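Remember, it's a predicted structure, so these values are computed and weren't measured experimentally. All values below come from the heavy atoms of this structure, side chains included, with hydrogens, waters and symmetry mates left out. So that the names make sense, note that chain A is the first sequence line, chain B the second, and so on, each numbered from 1.
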Amino acid sequence: MTVRTRIAPSPTGDPHVGTAYQALLNYAYARKHGGAFVLRVEDTDRARSTRASEAAILRSLRWLGLAWDEGPDVGGPFAPYRQSERIEACREVAERLLGGGKAYRDFGEDAGGAYAIRLRTPETGRIALPDRLRQDLSKDWESVDDPVLLKSDGFPTYHLANVVDDHLMEITDVIRGEEWIASLPKHLLLYETLGWDPPSFWHVPLLRNNDKNRTKLSKRRSPTSIDFYRQAGFLPEALLNFLGMLAWTRAEGEEKFTLDAFVEHFELGSLSLAGAVFDTEKLAWLNGRYLREDYDPRELAGLLRNWRFDDHTLEAAAGLAQPRMRTLGDFGPLASLFFTDETPRDPDDLAGSLEPSEVAEWLLLAEWALEDLPEFTGEAVHQALRALSESLGVKLRKFTRPLYVALSGSASSTPLFGSMVLLGSAMTRMRLRRARSALGGVPRRREKELETTHRQRA
RNA sequence: GUCCCCAUCGUCUAGAGGCCCAGGACGUCGCCCUUUCACGGCGAAAACACGGGUUCGACUCCCGUUGGGGACGCCA
């Protein structure tokens, strides 16, 4: 049987490096075995999925050089490759299970009569969980609740969509994060009830934050957006190489390798099962090697032009700096924030005469406000930040001062909103986050409180 | 809390019972090169979580403890 693997990202946010990591493993496994690598968009969350996010994810993965053989953009024999366009199959399956008494309606607390469809799971017994990376996994049915198959909005959940689509697309190997181990019984039960052969499962360890506890990589704690790394000036081949390095190092000791070399030598079965910390220090070192070893100065200049020294960026930066320029030479210092990854963040500069802990909270709230923007435009940023300062009862001028410093390292710089837009959402939020941690951060407990009120407002 | 998973230097890893008083890489420190810095070269410090087994022999196998992570959503 031809090997078929897939990456099934959910288009609900920034392109995540964890997605890229799993895409790499799926890609490598398929290539190594002469099979096909499929990209399927798992847009089953109607409220959070966006086309913008989908486009960003596809663009990022392509930027990294992970070409898929079948997908929503390139088509293929198992089209469509967008879950929302194939919900009929899921609904049929759900109805069939309902009719056969394998599933039941759950009206929950909905008074309007809308219901979800849940799969009936056994009450007793224990199920063996086949995993190609681990030995003898199992779980008591008692600890597995009845999964929702079809939500009351008529959309399938991941559990259903995933199984149905993997079956219909003839996926042979599901290589996914180990966060799914707990859900494996539900998926296996579906395969069994439907009379389908389940694929092989490989649950790969999650990438971790470089924090004290090594929690799973999250945007709250680390830069996780592939866009961030691109904008910070990392090369796609370096990022991809780094991701590969987390899974495999060659015996000869050389850690710089191409995608092809990774495909050729990497053995999924020998993957280390401990979650690797995403260490940006090593990534930076590797990136430096690519810059030094693979490009002559002329090519490097081309890289720079592609990165930020293009006409559009230069013109936008010039426009922002212009009112503050007396000589052309003033441009360098004024616009340096657009052409650097690191900006100075001195806690005293950031807080000024204000309370550092309070400023840290402002930065956190600003970060969330910007994160929620559907469109990252000057006007949208302006409105969001003004609304936030009003809700805090702080004058906008006072509120934005620390933001300037967070962005540029200086209180006197180019206009804030325009600068944010030019820097882009991922980079802007990263700088706010770094400034926040320079200020001592926001205590976890307080962050939860703020999150609750933030959620209510949103 | 319940269930599940994991465990080699600070970090990424090599190690598939003797080759290991544990190898490489990042980071750190020192020296060299050098008009500075960086690069490069050389070197140093730095780990088998702990306790029991099994075995002639355990980093490697088994059990327990501890630690960490993940899942407990009509999110994926």
Quiz item: CZ of A/Phe278 versus P of B/U13: gap in Å, rounded?
Solution: 13 Å
Practice problem: Round to the nearest Å and state the distance from A/Leu184 atom CG to B/C3 atom P. | Solution: 19 Å
Quiz item: If you measure from the P atom in B/G17 to the same atom in B/U60, how many Å do you get, rounded?
Solution: 12 Å
Quiz item: Is any NZ, NE, NH1 or NH2 atom of the basic residue among A/Lys256 and A/Asp294 found under 4.0 Å from an Asp or Glu carboxylate oxygen of the other?
Solution: yes
Quiz item: Contact class for A/Glu281 vs. all strands (heavy atom < 4.0 Å): base, sugar-phosphate, or nothing?
Solution: sugar-phosphate
Self-check item: Complementary nucleotide for B/C50 - Watson-Crick or wobble, under 3.5 Å
Solution: B/G64
Exercise. Return the nucleotide paired to B/A71: Watson-Crick means purine N1 to pyrimidine N3 with N6-O4 or O6-N4, wobble means G-U with N1-O2 and O6-N3, both under 3.5 Å.
Key: B/U2
Quiz item: If you check every side-chain atom of A/Ala274, which of B/C6, B/G40, B/A14 has the closest atom?
Solution: B/C6
Exercise. Name the pairing partner of B/C19, where a pair is Watson-Crick or G-U wobble with both distances under 3.5 Å, or state none.
Key: none
Practice problem: Counting Watson-Crick and G-U wobble pairs only, both distances under 3.5 Å, name the nucleotide matched with B/A58, or none. | Solution: none
Self-check item: Pairwise C1' distance, B/A58 and B/C19 [rounded to whole Å]
Solution: 14 Å
Practice problem: Assess the pair A/Tyr27 and A/Trp68: is the distance between their ring centroids shorter than 6.0 Å? | Solution: no
Quiz prompt | Close residues, residues 235-246 of chain A, relative to RNA chain B [heavy-atom separation under 4.0 Å] | solution = A/Met245, A/Leu246
Quiz item: Between A/Leu273 (CG) and B/C4 (C1'), how many Å, whole number?
Solution: 14 Å
Exercise. Pick the C1' atom in B/C48 and in B/C42, then give their distance to the nearest Å.
Key: 28 Å
Self-check item: Working for side chain to side chain donor-acceptor pair (under 3.5 Å), residues A/Tyr104 and A/Asp146
Solution: CA-CA 10 Å; A/Tyr104 61 93; A/Asp146 293 352; 2.7 Å; yes
Quiz item: B/U36 pairs with which nucleotide, Watson-Crick or G-U wobble, both distances below 3.5 Å?
Solution: none
Self-check item: Salt bridge flag under 4.0 Å for residues A/Arg40 and A/Glu42
Solution: yes
Quiz item: Starting at the 5' end of RNA chain B, which residue's closest nucleotide do you reach first, A/Asp140 or A/Ala247?
Solution: A/Asp140
Quiz item: What string of B, S and - do you get for nucleotides 60-76 of chain B, 5' to 3', if B is base contact, S is sugar-phosphate-only contact and - is no contact with any protein heavy atom under 4.0 Å?
Solution: --------SSSS--BBB
Practice problem: First locate atom CE of A/Met430, then atom OH of A/Tyr229, and finally report the distance between them rounded to the nearest 0.5 Å. | Solution: 7.5 Å
Self-check item: Nearest-angstrom distance from the residue atom CH2 of A/Trp285 to P of B/A38
Solution: 18 Å
Self-check item: Rounded interatomic separation in angstrom, taking CD from A/Glu255 and P from B/A25
Solution: 8 Å
Exercise. Would you please indicate yes or no on a ring centroid separation below 6.0 angstrom for A/Phe278 and A/Phe242?
Key: yes
Practice problem: Could you check A/Arg431, A/Arg436, A/Arg434 and say which one makes a salt bridge (Lys or Arg N to Asp or Glu O under 4.0 Å) with A/Glu367? | Solution: A/Arg436
Exercise. Looking at every strand, decide which applies to A/Leu129 at a 4.0 Å heavy-atom threshold: base, sugar-phosphate, or nothing.
Key: nothing
Practice problem: Write down the distance between CH2 (A/Trp248) and C1' (B/A25), rounded to a whole number of angstrom. | Solution: 13 Å
Self-check item: Interatomic distance at C1', B/C37 relative to B/C20, whole Å
Solution: 40 Å
Self-check item: B/U54 versus B/A47 - spacing of their C1' atoms, nearest Å
Solution: 25 Å
Quiz item: Over how many whole Å does the gap from A/Arg292 atom CZ to B/C39 atom P extend?
Solution: 7 Å
Exercise. Using the P atom on both, measure B/G68 against B/U8 and round to a whole Å.
Key: 15 Å
Quiz item: Across the strands shown, which category fits A/Arg176 at heavy-atom distances under 4.0 angstrom: base, sugar-phosphate, nothing?
Solution: nothing
Practice problem: Examine A/Tyr158 together with A/Trp180 and report whether their ring centres are nearer than 6.0 Å. | Solution: yes
Practice problem: First locate atom CD of A/Glu264, then atom CG of A/Leu259, and finally report the distance between them rounded to the nearest 0.5 Å. | Solution: 12.5 Å
Quiz item: C1' atom, B/C61 versus B/A16: distance in rounded Å?
Solution: 11 Å
Quiz item: Hey, would you say the A/His187 and A/Tyr191 ring centroids sit under 6.0 Å apart?
Solution: no
Quiz item: In whole angstrom, what separates A/Glu293's CD from B/G40's P?
Solution: 8 Å
Practice problem: Can you tell me the pairing partner of B/C29 across any strand shown, Watson-Crick or G-U wobble, with both distances under 3.5 angstrom? | Solution: B/G43
Practice problem: Answer yes when A/Glu70 and A/Arg6 have at least one side-chain N-carboxylate O distance shorter than 4.0 Å, and no when they do not. | Solution: no
Exercise. Could you give the distance separating B/C9 and B/G15 at their C1' atoms, to the nearest angstrom?
Key: 14 Å
